[in-house]
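Beneath this line is the structure, given in structure tokens, with notes to follow.
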Amino acid sequence: MVQLRHMFEPIQIGNLTIKNRFIVSPMVVNYCTTDGRATETYIAYHEARAKGGWGLIITEDYAVNPGAKAFVGIGGLWEDGQITGHAELTKRVHGHGAAIFAQIYHAGRQSAQAIIGTDAVAPTAIPCPFTLETPHALTVEEIERIVEQFGDCALRAKKAGFDGVEVHGGHGYLIAQFMSSYSNKRFDQYGGNLTNRMRFPLAIIANIRAKCGDDFPVQFRISGDEA
């Protein structure tokens with residue numbers, strides 16, 4: 001146990017102190033309502049982990065707009081009316097001494113007509129290997145709107161009492177689709193070389209920082225291998 005002693009020690013992320021090094025990673029449970037609001041089942045699920053002694057809990061995906069979902073019953077913070085229920089979640093988790101981050105995302109082309117009622121979106125109109133549907137290629141104006149929605153979503157997470165956010169840049173979701181030359185075949189400022197492909201995620205992080213402040217922790221999830 002000597003080798004594991006640091007697991008039980010506090011760790012600092014910016015101004016946030018987490019009581020130990022044990023982290024609950026994001027796992028989709030589909031316990032929220034179809035319009036992204038927290039249910040008692042959803043709150044109790046996370047509260048049970050806080051009671052168990054975990055230092056940090058990272059929630060499942062929180063959609064930044066209604067068309068960002070790849071699952072029916074995940075959380076959302078795309079409008080102010082969703083804040084109250086998720087504030088109850090953070091209050092109860094904090095009551096057991098745990099910290100909690102909201103994972104925020106846009107599924108991009110991995111969403112589907114059956115879930116969002118419209119075409120999914122992506123950097124380029126290439127059929128999704130997962131859904132087999134062809135997405136709508138985002139315009140520059142639409143990209144800029146989604147950047148703002150990420151920042152607004154993070155700000156609502158902060159208002160709801162979350163200790164930070166995790167920006168989902170992995171698993172082939174929208175941010176990953178922009179970063180990958182496999183799914184991004186654009187010829188404008190968001191495509192081509194790596195600098196251009198990174199423009200979207202870097203703009204999102206900058207937008208979150210501008211709206212939430214430098215003292216609000218921001219993690220970035222990325223896949224080690226997209227193969």
Side-chain angles (χ1 to χ4, degrees), residues 1 3-32 36-64 68 71 73-78 80 82-106 149-171 173 175 201 204-223:
M1 291 296 291
Q3 299 95 325
L4 298 178
R5 69 184 185 279
H6 295 302
M7 295 297 295
F8 299 91
E9 296 176 356
I11 189 171
Q12 201 79 11
I13 300 179
N15 295 328
L16 175 67
T17 301
I18 299 171
K19 66 181 181 180
N20 59 46
R21 318 288 177 98
F22 291 94
I23 300 174
V24 178
S25 61
M27 292 174 281
V28 173
V29 292
N30 273 317
Y31 287 159
C32 289
R37 285 164 169 74
T39 64
E40 174 57 29
T41 300
Y42 180 74
I43 294 170
Y45 171 85
H46 291 294
E47 185 180 17
R49 279 136 191 82
K51 284 181 181 178
W54 294 86
L56 172 63
I57 296 169
I58 305 174
T59 70
E60 65 185 45
D61 316 313
Y62 274 58
V64 301
F71 305 93
I74 61 169
L77 282 168
W78 62 76
D80 290 347
Q82 296 163 317
I83 293 174
T84 301
H86 295 290
E88 176 66 17
L89 162 67
T90 61
K91 183 179 93 171
R92 282 165 57 176
V93 165
H94 289 153
H96 301 286
I100 183 166
F101 284 12
Q103 184 186 80
I104 61 177
Y105 95 134
H106 193 303
Q149 289 169 344
F150 266 96
D152 292 343
C153 182
L155 181 57
R156 291 188 188 98
K158 184 177 182 179
K159 290 178 177 179
F162 285 95
D163 300 290
V165 293
E166 178 176 277
V167 178
H168 201 330
H171 298 178
Y173 291 143
I175 292 174
I204 287 170
I205 293 170
N207 197 281
I208 293 171
R209 281 275 174 247
K211 290 173 179 173
C212 297
D214 291 336
D215 60 344
F216 188 63
V218 179
Q219 296 185 160
F220 190 88
R221 186 172 191 172
I222 189 168
S223 298

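- If you take CD on E166 and CD on Q103, they are separated by 4.5 Å, rounding to the nearest 0.5 Å.
- Checking side-chain atoms of K211 against main-chain N and O of G151 turns up no donor-acceptor pair under 3.5 Å.
- Going from atom NE2 of H46 over to atom OG1 of T90 covers 11.5 Å, rounded to the nearest 0.5 Å.
- For R49 and Y45, the positive end sits near the middle of the six-membered ring, less than 6.0 Å away and at most 45° from its axis.
- For the atom pair CD (Q12) and CD1 (I18), the distance works out to 8.5 Å, reported to the nearest 0.5 Å.
- When every heavy atom of H86 is checked against every heavy atom of Y62, the shortest pair comes out as ND1-OH, 2.9 Å.
- For the atom pair CZ of R92 and NZ of K51, the computed distance is 8.0 Å after rounding to the nearest 0.5 Å.
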**Message:** Go through it in stages, so that I can follow the logic: the residues are I104 and D61, the test is side chain to side chain contact (heavy atoms under 4.5 Å, CB included), and I'd like the CA-CA distance, side-chain angles, deciding distance and then a yes or no.
**Reply:** CA-CA 5 Å; I104 61 177; D61 316 313; over 6 Å; no
**Message:** Run the side chain to side chain contact (heavy atoms under 4.5 Å, CB included) test on N207 and I204 for me, step by step, so that the C-alpha distance in whole Å, both residues' side-chain angles and the decisive distance to 0.1 Å come before the verdict.
**Reply:** CA-CA 5 Å; N207 197 281; I204 287 170; 5.7 Å; no
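- The shortest heavy-atom contact between G85 and I43 is O-CD1, 3.8 Å.
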**Message:** Pair I175, H168 - check side chain to side chain contact (heavy atoms under 4.5 Å, CB included), show working.
**Reply:** CA-CA 7 Å; I175 292 174; H168 201 330; over 6 Å; no
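- The main-chain N or O of H94 is never found under 3.5 Å from a side-chain atom of D163 such that the two would form a donor-acceptor pair.
- With rounding to the nearest 0.5 angstrom, the CZ atom of R156 is 10.5 Å from the CH2 atom of W78.
- The heavy-atom pair separating P217 from F101 by the smallest distance is CB-CZ, 3.7 Å.
- Shortest non-hydrogen contact noted between N20 and G53 is ND2-O, 2.9 Å.
- Within the model, atoms CG of L56 and CD of Q219 stand 6.5 Å from one another, a figure rounded to the nearest 0.5 Å.
- In terms of heavy-atom proximity, H171 sits nearest to S223 at N-OG, 2.8 Å.
- Counting heavy atoms from C-beta outward, Y31 and E60 have side chains that stay 4.5 Å or more apart.
- Contact detail for V93 and A99: the closest heavy-atom pair is CG1-O, 4.3 Å.
- Distance alone, capped at 3.5 Å, places no donor-acceptor pair between the R37 side chain and the G75 backbone.
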**Request:** Evaluate side chain to side chain contact (heavy atoms under 4.5 Å, CB included) for F216 paired with L155, printing each intermediate quantity in order.
**Result:** CA-CA 10 Å; F216 188 63; L155 181 57; over 6 Å; no
